[in-house]
Protein chains: 2
Amino acid sequence: MSISWVHDFADGNATMRDLLGGKGAGLAEMTSIGLSVPPGFTVTTDACRHVMNHGEVPSDLWSQVDEAMMRLEAQMARTFGAGPAPLLVSVRSGAKISMPGMMDTVLNLGINDRLLPVLVEWSGDAHFAHDAYRRFLQMYANVVLGIDGEPFQATLSELRERRGVPDDSQLTVEDLTEAVERFKKLIADAGCVVPEDPREQLHTAIAAVFNSWKNPRAFAYRRINKIPDDLGTAANVQTMVFGDLGEDSGTGVCFTRDPATGDRRPFGDYLPRAQGEDVVAGIRNTLTLDDLGDLHPQLHTELLDVMNTLEQHTTDMADIEFTIERGKLWVLQTRAGKRTAGAAVKIAVEMAHEGLIDKETAVTRVDPAQLEQLERPRIDAKAAGDPIAFGVAASPGAAQGVAVFDADRAVAARAEGKRVLLVRQETTPDDIHGMDAADGILTSQGGKTSHAAVVARGMGKPAVTGVAALAVDNKRGYAHTDTVEFSEGEMITIDGTTGAVYLGSLDLIEPEETPELHELLQWADEIRTLGVRANADTPEDAAKARAAGASGIGLARTEHMFLGERLGIVQRIILADDDEEREEALQALKDLQRGDFVGILEAMDGLPVVVRFLDPPLHEFLPSLLDLEHQMVDRVRARVSADDLVSTASKVARWQEDNPMLGLRGVRLGLMLHHLYLMQAEAAVDAVVIRKEAGGNPQLEIMIPLVAAVEELRRMREMIEGVIAAKEAASGMKLEIPIGTMIELPRAALTAGEIAEVAEFFSFGTNDLTQMTFGLSRDDAEGLFLRDYLEQRILTFDPFQTIDVAGVGRLMRVANQEGRASNPNLIVGVCGEHGGDPASIAFCREIGLDYVSCSPPRVHVARLAAAQAEVGTKVEETGG
Amino acid sequence: MSISWVHDFADGNATMRDLLGGKGAGLAEMTSIGLSVPPGFTVTTDACRHVMNHGEVPSDLWSQVDEAMMRLEAQMARTFGAGPAPLLVSVRSGAKISMPGMMDTVLNLGINDRLLPVLVEWSGDAHFAHDAYRRFLQMYANVVLGIDGEPFQATLSELRERRGVPDDSQLTVEDLTEAVERFKKLIADAGCVVPEDPREQLHTAIAAVFNSWKNPRAFAYRRINKIPDDLGTAANVQTMVFGDLGEDSGTGVCFTRDPATGDRRPFGDYLPRAQGEDVVAGIRNTLTLDDLGDLHPQLHTELLDVMNTLEQHTTDMADIEFTIERGKLWVLQTRAGKRTAGAAVKIAVEMAHEGLIDKETAVTRVDPAQLEQLERPRIDAKAAGDPIAFGVAASPGAAQGVAVFDADRAVAARAEGKRVLLVRQETTPDDIHGMDAADGILTSQGGKTSHAAVVARGMGKPAVTGVAALAVDNKRGYAHTDTVEFSEGEMITIDGTTGAVYLGSLDLIEPEETPELHELLQWADEIRTLGVRANADTPEDAAKARAAGASGIGLARTEHMFLGERLGIVQRIILADDDEEREEALQALKDLQRGDFVGILEAMDGLPVVVRFLDPPLHEFLPSLLDLEHQMVDRVRARVSADDLVSTASKVARWQEDNPMLGLRGVRLGLMLHHLYLMQAEAAVDAVVIRKEAGGNPQLEIMIPLVAAVEELRRMREMIEGVIAAKEAASGMKLEIPIGTMIELPRAALTAGEIAEVAEFFSFGTNDLTQMTFGLSRDDAEGLFLRDYLEQRILTFDPFQTIDVAGVGRLMRVANQEGRASNPNLIVGVCGEHGGDPASIAFCREIGLDYVSCSPPRVHVARLAAAQAEVGTKVEETGG
């Protein structure tokens, strides 16, 4: 039984991607629903695999190809390689998964010296015919023969210059004739030959497509993207149609709905007497679809029919490329149309209302990342000039204001009613009030988890960090790059979505929540099973999170509550000379903490609030030794005594660590300096009592960070349970306060079964878990090598944005399974930054977590992504 | 069918530990081999479990106990609680696994007011009888009734003071009579009563033993040591015998061989007319066994028989407690005798030669940790005074020399022929030549993996680090604690095995390798399947390792080769202003590195040498910013320009990291600054060519550190393979150089299957793997909390000494399995410090690794431990 290595487009459909590749299946599908697609056929991936396995094409391949060409000639009433109506074809590769590094396209196969005059005659257009020949030679030489393309481009440049015209279409027939001759010489000089025989042209092009599957770039791409090497590619052979064959020819692109607004009206461009690339090049002014209607009412109606058919068939807004050749409409390609975030939301909701798609499909039609942009002010791309510098896109959205280089002055400027951008080398806890006063933050140092970045994201403010090209002199209130400078008081604008920094005040586009978005998120909530909580440290953020639809607080960090004006109290606790001094400071801090907790519990009344006890190394709250030394230098220079600094430095030195991330943090601090955690426990439990007495429904949960061994959690739990018992006795109330832990160290994940015995809940701290699993500090790595790693694709994804499934994810899976096995009532969530990342959210759902928790501005994103995870992967794009 | 809750000693043996507990099984075993053990019986663990499960004793328990007592009375021809010959008994707990926190011992049960005169009459010794009563009351009150023991002690103190005697045995009968009365009052004041009825005394004591299984301390101990809660304990009831009942009574301790030398001769102490605790207290001078022979030739012979029987029976050197009561010899307890390391080796080898044990058993008879001590000079305990301070026992062995506070001066002092102890706050790479010149290192800062500790262990030199009580002023050449001080040039002695620091020159005992040790290690090699390699960075260390029996170098660190005088070259490479300067420095370093590698390959000719490419963060090679600032302060004070320092500081700042352990290290450095790794590859491959040309058999392997993702190793491998191919072409030789990787990040372990595809070997870097898995920097943790964690038993073991099986070990197991599954030829070893730890070695063998690699001084230890792991756990100790 002989195998069919060739499938006519008319014999296939969209389900045959394995055999026909993506492009072939798309062309077959459009053909099958009756659209006028230029006919052709696909040489199957089976044939490619045969070549890979046997080192040669199947023995009957060329006969099948030649038969298919005869069918094509008959169907088109043209002749391959001969007149009077010559048939030209294109050859394109098309794997199941679209892949760079492979042979792309050769157009106009079938042309040769003998056919050239025939083509001139048939088209009545010598320029067209010579240009077609020139293109064919150029593409065949480069793509099939592998000859360097540069001399071909140089030849055309030279001819254009000689003729004094800006583009190839304005070259004369003589010019093009010379180009053809010179191209032939270039090919001969390379020791190659372009076959005259059209069939040989076709066979060699198909073979080149198959061979390109094995080229090193394609191999490397597949290795990095984990695409199996044995898929193979298909080769598509398609009749050429031409939009530049007279006044009744032309080419265009159209969308079934408005890609900018989402409005339900056809939208497009048409260019008479042109080829596709002329539309894209934008050299001539295009016409609208209405203009096309005026010119060719019949074709216009036909095109609207095609658009309607494709939208109904693909159930999505379609982007369609079409060509009119001598009054006949051909559809070349269609795909889901790119659209703005707003249009995506509107189209999805309206299509669902129209009954074209169901709600499950509607929620998959909006990219969550796009949604996030929709919710921040953004820079009007048309209005923006060139950025002066780029840094880390640390917290999305655009912001602008007068540059202020000091936190106190930022507060003052804000008080004068100014919009402020805080500009610092890097921020510290001392700058919190200034960050609070600012509309955005700009730093010259630090990465995505620098102090500036984390606090800005928590506050929902745009931030650009680590702008290495910017030298910031905070003392003098001045910053500069190599070419520009700005001083305090000058307007600047930052784009936290792209990392760009601009001088001056750019036009910003403010976000708005449309009714469509509201409805779409409602549908998402109906669909999703994964809970969405928010990370919030203040009553204001908690309220925002609740308004955005969060079902609780998954992470209330207490360390941020220790900053700003309270920093002095915290330093007194740590550096106290005696117990009395420490006790007094602790008491003061407890009163403040109690107020913090009452506020958050009130804002989230009835919903869970997970309070994490103090996590970072203590010396984050202490002055830096290097700073103290700097100050000493200044004092000595000024001949002023520095004794007090020396004394402080010696106390601070006691707490110095070489690797604070791996040091005295979290529960370790709680066990070693237990007065701090006891204070926090008392403040938290007091807050519950206060809220209950006020008639509220506080749902406090206490979370212990950085547990590596079950015994740490057990002891801390006993300590906290002691506080709860005492408060129950004092208040006469029964207090239900679950106690759980972060899983943020590999060992915690690996011993989760034990830990779950003394925890009511787990929350994966995926930031730290990623750092420890990779042995990689994000802050240090971003400056020194992480970006290079991503650019060079040593890592194919940023593990601090998307959960590393192979490493970190494996630990999470183990911890979730073994934790639940030992404690079936365990609640398990995620509160790292990954909680707002769609791919990570899908992973969390896949392994069966209960919820994700993200920053308030990402709650919408998370709700949508959780619903998408439920529905499954996005519907695959249709079309060529 | 009724259950036997009670087993007479005569009815059991050593195999019945589950039922009789450890102590009961030991007493039964001695009875069964015919030794004269004071008769008695064991109330079984079944009875204890019954109490736990039902809340009460089995209904027939007391009747069985009473029947056993009647058998005992008959056997001893004495009466429990009555004359003329009264029977007194002891009650002791005895679980399967020895366990603190449980009820221990009550002696002299059966005594009461009525029996006291009977006992006086029977013994003819009123003092003895009253003292026995006093002891009984005191123990019963404290242990059974749970009354605080302090007032009882206070009463005795008061009586001793009044009488003006130093110990209780010198109290008069009147004093003891008063003590008895006052004890009774203390008990009554506590609301308790001591039963007069001997049977009731016995029953309550047994019940107390069972209940003590459930006391909180015992619970906590079992939890921490993972002992199941449902084992239960047994209670042992044994006839009291007395060594102070006249001239033909006495008590003693003996060993079947000399515990100090291992010589085959009986050895022991005897004290006539005494109780066991008198021997221990050392108040009276004891007699030798020969003296006993003179006094009681018959008993002496009998004792020698007992010793012989026990040694033959236990096949080990036995430590025996015995009592002679009125001319009758009783054996109270036996266990394997404690012995010095030298004695352990000698006894094991000789017993094997005698045919008493086989070689497999012989290798289990020496504690590897003890062996390590045997190989270092040690302090003569008798000669040592009080240490002036303690620090971290960073590198074992004792060392002494004149204190020198500066590396250059240390070299100078050494050149004058002095022994030197280098004393520093902490060491840096700048101190290497001074460390090399010193006999030992003492620092006031830093833990077990501080620079000083790591380098000292690598050099095999004793070191004590982190002596917090010692203030070191390196500039002034002076150090002091709160009470003493010493200056440069004064003799000091350190003990790196204990962490002690002494003033002056103490007597040291030098190590020697005995023929017995040599033979024992030969046997170990015959037995073990696990390979033992050494970590060595120099030809000298490599030669030492080879002499000690290492079968290769598992880790040759190249970073130490970058230190000392080469540091300047390395700094030039990193801070070079232009490529030319860098290239020149690289070339210079390559020449030196080539020499390093040639030397090591020569020393290990024919054996594998795994060279690890540069691992630590670059700025370990750079001056510290804080130091530079310090210097700036000094310069400014002296009004000298500091511009050069400012320039250096700004270059150095570029490489600063907040958490260098998690930063630009290892393969990351190799990929980002690939000229460094390329230089190393060229030097290494050149060295192989040079050695081959010299007729040698170099077995170089290249190891890439800190791989987190397979792509890192793949790219580095391609780079190195390029170097190898070029050198093969140039030399015309075929070079076989395996390339492998450290597995020292959790992610490497979790993705080992992928990584093994491009690695010929894995080597677990358990130091880093432990740090990352726990999220714990050992250096930082040791100073701030790790010691507290261990003391408070939050961690029950130091994971930097012994592999954490639950976390780190689990990762190793996964990596080993999945690595070998994907690459069956993979060689897998360990090169962290755990490679020299016996428990970790056993784990490595259990999971199927090929070899461990340790520092040269631990090679003997590792050879022995690997053999022990093969044989299985140590033979359990026998006896009471």
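Labels below follow one simple rule: chain letters A, B, ... track the order of the sequence lines, proteins then strands, and each chain is numbered from 1.
A salt bridge is defined here as a Lys NZ or Arg NE, NH1 or NH2 lying under 4.0 Å from an Asp or Glu carboxylate O, and B:R747 with B:E712 fails to meet this definition.
Checked by atom type, the side-chain pair A:Q631/A:D634 shows no donor-acceptor distance below 3.5 Å. Under 3.5 Å, the side chains of B:Y789 and A:E711 contain no donor-acceptor pair of N or O atoms.
Per-residue heavy-atom pair counts under 4.5 Å with chain A were compared for B:L706, B:L795, B:D804, and the maximum is reached by B:D804. The residue among B:Q792, B:R714, B:R665 with the most heavy atom pairs within less than 4.5 Å of chain A is B:R714. Among the candidates A:L750, A:V710, A:L671, the residue making the largest number of heavy-atom pairs closer than 4.5 Å to chain B is A:L750. When each of B:L745, B:D788, B:D658, B:T751 is scored by its heavy-atom pairs under 4.5 Å with chain A, the top score falls to B:D658. Annotation: maximal heavy-atom pairing with chain A below 4.5 Å, among B:G663, B:A749, B:G666, B:S777, occurs at B:S777.
The parts of B:R668 that come within reach of chain A are both its backbone and its side chain, each placing non-hydrogen atoms under 4.5 angstrom from that chain. Of the atoms belonging to B:A806, heavy atoms from both backbone and side chain fall under 4.5 Å from chain A. Only the side chain of B:V814 has a heavy atom closer than 4.5 Å to any heavy atom of chain A. When heavy atoms are compared at a cutoff of 4.5 Å, B:R635 does not approach chain A at all. Using a 4.5 Å cut-off between heavy atoms, B:M672 touches chain A through its side chain atoms alone.
Here CG of A:L662 is found 9.0 Å from CD of A:Q771. Values are rounded to the nearest 0.5 Å. Atoms CG and OG1, on B:D643 and B:T648 in that order, are 10.5 Å from each other to the nearest 0.5 Å. The distance from atom CE of A:M812 to atom OG1 of A:T766, rounded to the nearest 0.5 Å, is 6.5 Å.
Side-chain contact between B:F843 and B:T802 is absent, with no heavy-atom pair separated by less than 4.5 Å.
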